[in-house]
Amino acid sequence: MADKGPLLTSCIIFYLSIGAAVFQILEEPNWMSVRDRYIQQKENILKNYQCLTLEDLDEILEVASEAAGQGVAITGDNHRNTWDWVNSVIFAATIVTTIGYGNVAPKTKGGRVFCILYGLCGIPLCLVWLSELGSFFGDRAKRLSQVMIRKGISVKKVQFTCTALFLLWGLLVHLVIPPFVFMSVEGWTYLEGIYFSFITLTTVGFGDYVAGVNPDIQYPRLYRVCAEIWIYMGLAWLSLFFSWNVHMVVEAQKLLKKRRHRRRHLIEPEPMVEKQNLDIKPSVIDIFNFLSEKDEDYSTVIKQIGITARIKKPPENINRSKSCSDILAIQTLEHSPRRKRMISISEAFLNAKIEEIEQEEALLEQDNIQELDSSDVEMMKGDGVFGPESDVLEFSASVIDGEKEEENVQHPEGGATRFTICKVAEEEFPLNCDDKG
């Protein structure tokens with residue numbers, strides 16, 4: 001956006017300047033002629049009615065202007081109630097659709113406060129509903145493409161047919177045919193009818209032309225209802241059309257940019273495997289697939305910026321000479337050299353301290369083991385396990401008198417054994433097992 005911002009800003013300023021110049025050339029002479037005619041008509045009224053002064057005429061015109069601003073018809077005897085149920089529904093629709101013709105507006109303090117709150121809640125709701133309605137039209141196009149593909153029609157023909165039907169249906173139903181209806185009911189010209197259709201569906205809503213508000217015309221009963229349905233359907237179609245148009249422009253810009261990039265850097269063409277995958281015939285064609293792409297709002301964009309900022313990517317596409325061909329191998333320093341040297345010195349002291357503590361713990365463990373071995377040997381000698389003057393291994397057990405069994409264990413190779421197994425009954429007396437080996 002940083003590189004496109006100045007260009008888009010310049011385009012908007014230039015476009016506004018061109019539009020202002022054209023409108024000034026076309027409309028300023030008409031305004032000057034209307035002003036001169038108004039002044040001349042006032043003078044003629046004063047000449048025809050000599051008893052009427054200029055101050056009295058201005059007072060009459062002021063009263064008429066104020067009444068017209070309140071929505072009261074200032075000519076004729078037919079006064080249309082602009083705030084009955086039907087007209088109130090139409091006014092609420094102009095709020096939530098952001099059309100706002102301006103011919104009817106709330107004049108009381110309570111009405112203006114409620115209009116603000118009503119618009120804050122109703123405009124987002126209406127936008128979501130129009131988006132869903134546009135998705136409904138997109139689903140109908142997908143089903144049509146699926147039927148055409150099943151009949152064996154090529155993908156290009158299906159895309160062209162769906163796009164042409166979408167454009168023709170919208171142009172005919174919402175821009176071309178309605179002016180004929182307005183010509184027959186409202187008494188407008190065809191240009192006025194198509195002008196009203198475009199200004200209404202684009203939500204510009206000047207209010208100079210409004211359907212169904214002329215008090216001198218007896219409208220059909222379903223005329224206003226059909227007009228409201230036509231407005232909602234047209235808003236959904238036009239929003240989908242603008243989204244599709246912008247998407248096509250963006251895709252075309254990406255394609256042109258990619259081609260220019262290939263010509264500059266002489267990038268090799270894509271492999272044939274990917275082209276073969278692209279040639280696979282799909283089962284359905286969605287010309288509005290950009291609507292199902294991931295939406296990014298402000299919060300998701302900020303989160304993505306934070307994530308990408310944490311990821312350290314090596315520098316790419318650095319134009320260097322052959323003497324600096326290893327520029328990509330250079331890594332960025334996490335700290336300055338002085339800071340890194342201080343950290344290394346502190347780590348060296350810390351490692352030395354840890355090694356000293358580990359050595360002291362190892363010496364303490366060895367001393368404990370030696371003391372334990374010497375104390376165990378002395379205890380075993382004092383208890384008579386090892387006799388002081390012989391190599392006899394003595395065990396103490398309780399046996400019963402007169403019950404004693406001995407068994408010699410033979411060596412597996414036929415030699416003499418060093419042990420004799422004695423089985424005795426329960427009574428306390430010492431049992432000696434001599435080492436015969």
Side-chain angles (χ1 to χ4, degrees), residues 1-27 95-100 116 119-120 122-135 138 163 166-167 170 198-206 234-270 286-320 327-328 330 332:
M1 184 62 186
D3 54 345
K4 297 180 181 179
L7 177 61
L8 292 176
T9 305
S10 302
C11 291
I12 289 294
I13 295 174
F14 176 75
Y15 194 75
L16 293 177
S17 301
I18 294 296
V22 173
F23 283 123
Q24 183 180 8
I25 294 171
L26 295 176
E27 296 297 331
I95 293 176
V96 298
T97 56
T98 67
I99 295 176
I116 295 173
L120 288 175
I123 291 174
L125 179 63
C126 184
L127 292 178
V128 172
W129 179 68
L130 292 176
S131 177
E132 291 297 326
L133 192 59
S135 300
T163 306
F166 166 72
L167 296 177
F198 180 80
I199 293 301
T200 298
L201 297 183
T202 54
T203 69
V204 176
F206 289 125
L235 289 174
W237 174 82
L238 202 63
S239 63
L240 190 62
F241 170 75
F242 285 147
S243 300
W244 173 78
N245 194 10
V246 171
H247 175 73
M248 295 300 293
V249 171
V250 171
E251 290 297 325
Q253 184 181 5
K254 289 182 181 179
L255 183 60
L256 293 176
K257 186 177 180 180
K258 188 175 181 180
R259 288 181 179 178
R260 290 196 300 266
H261 186 72
R262 285 181 179 179
R263 290 177 182 177
R264 288 180 182 178
H265 299 278
L266 299 177
I267 299 177
E268 297 180 357
E270 297 179 356
D286 187 7
I287 61 175
F288 307 110
N289 56 354
F290 57 91
L291 296 176
S292 60
E293 294 178 355
K294 184 177 73 173
D295 297 331
E296 293 186 352
D297 56 359
Y298 180 78
S299 60
T300 55
V301 170
I302 295 300
K303 290 180 181 178
Q304 188 64 28
I305 292 174
I307 293 173
T308 54
R310 296 190 189 98
I311 300 175
K312 296 180 180 180
K313 295 182 179 181
E316 298 178 357
N317 299 328
I318 299 179
N319 296 325
R320 293 285 185 174
I327 189 66
L328 297 178
I330 300 175
T332 58

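Along the sequence shown, residues are numbered consecutively beginning with 1. Values below: all heavy atoms of this structure, side chains included; hydrogens, waters and symmetry mates excluded.
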Visitor: Output all residues satisfying side-chain contact (heavy atoms from CB on, under 4.5 Å) with T98, sequence neighbours left out; order by chain, then residue number.
Guide: I123, T203

Visitor: Could you pull out every donor-acceptor pair under 3.5 Å between side chains of residues 13-20 and any protein atom, sequence neighbours left out?
Guide:
residue	atom	partner	partner atom	Å
S17	OG	I13	O	2.8

Visitor: What is the minimum heavy-atom distance between G134 and A236, and which atoms define it?
Guide: N-CB, 4.3 Å

Visitor: Which residues pass the side-chain contact (heavy atoms from CB on, under 4.5 Å) test with S239, not counting sequence neighbours?
Guide: none

Visitor: Give me the atom names and distance for the closest heavy-atom approach of C126 to V96.
Guide: CB-O, 3.4 Å

Visitor: Where does the angle between the aromatic ring planes of W244 and F166 fall among parallel (under 30°), tilted (30 to 60°) and perpendicular (over 60°)?
Guide: perpendicular

Visitor: Filter on side chain to side chain donor-acceptor pair (under 3.5 Å), then keep only pairs touching residues 122-134, sequence neighbours left out; what's left?
Guide: none

Visitor: How long is the straight-line distance from CD1 of I12 back to CG of L7, given to the nearest 0.5 Å?
Guide: 10.5 Å

Visitor: Supply the atom-to-atom distance L130 CG to T97 OG1, rounded to the nearest 0.5 angstrom.
Guide: 8.0 Å

Visitor: Among all residues two or more places apart in sequence or in another chain, which pass the side-chain contact (heavy atoms from CB on, under 4.5 Å) test with L238?
Guide: L201, T202, F241, F242

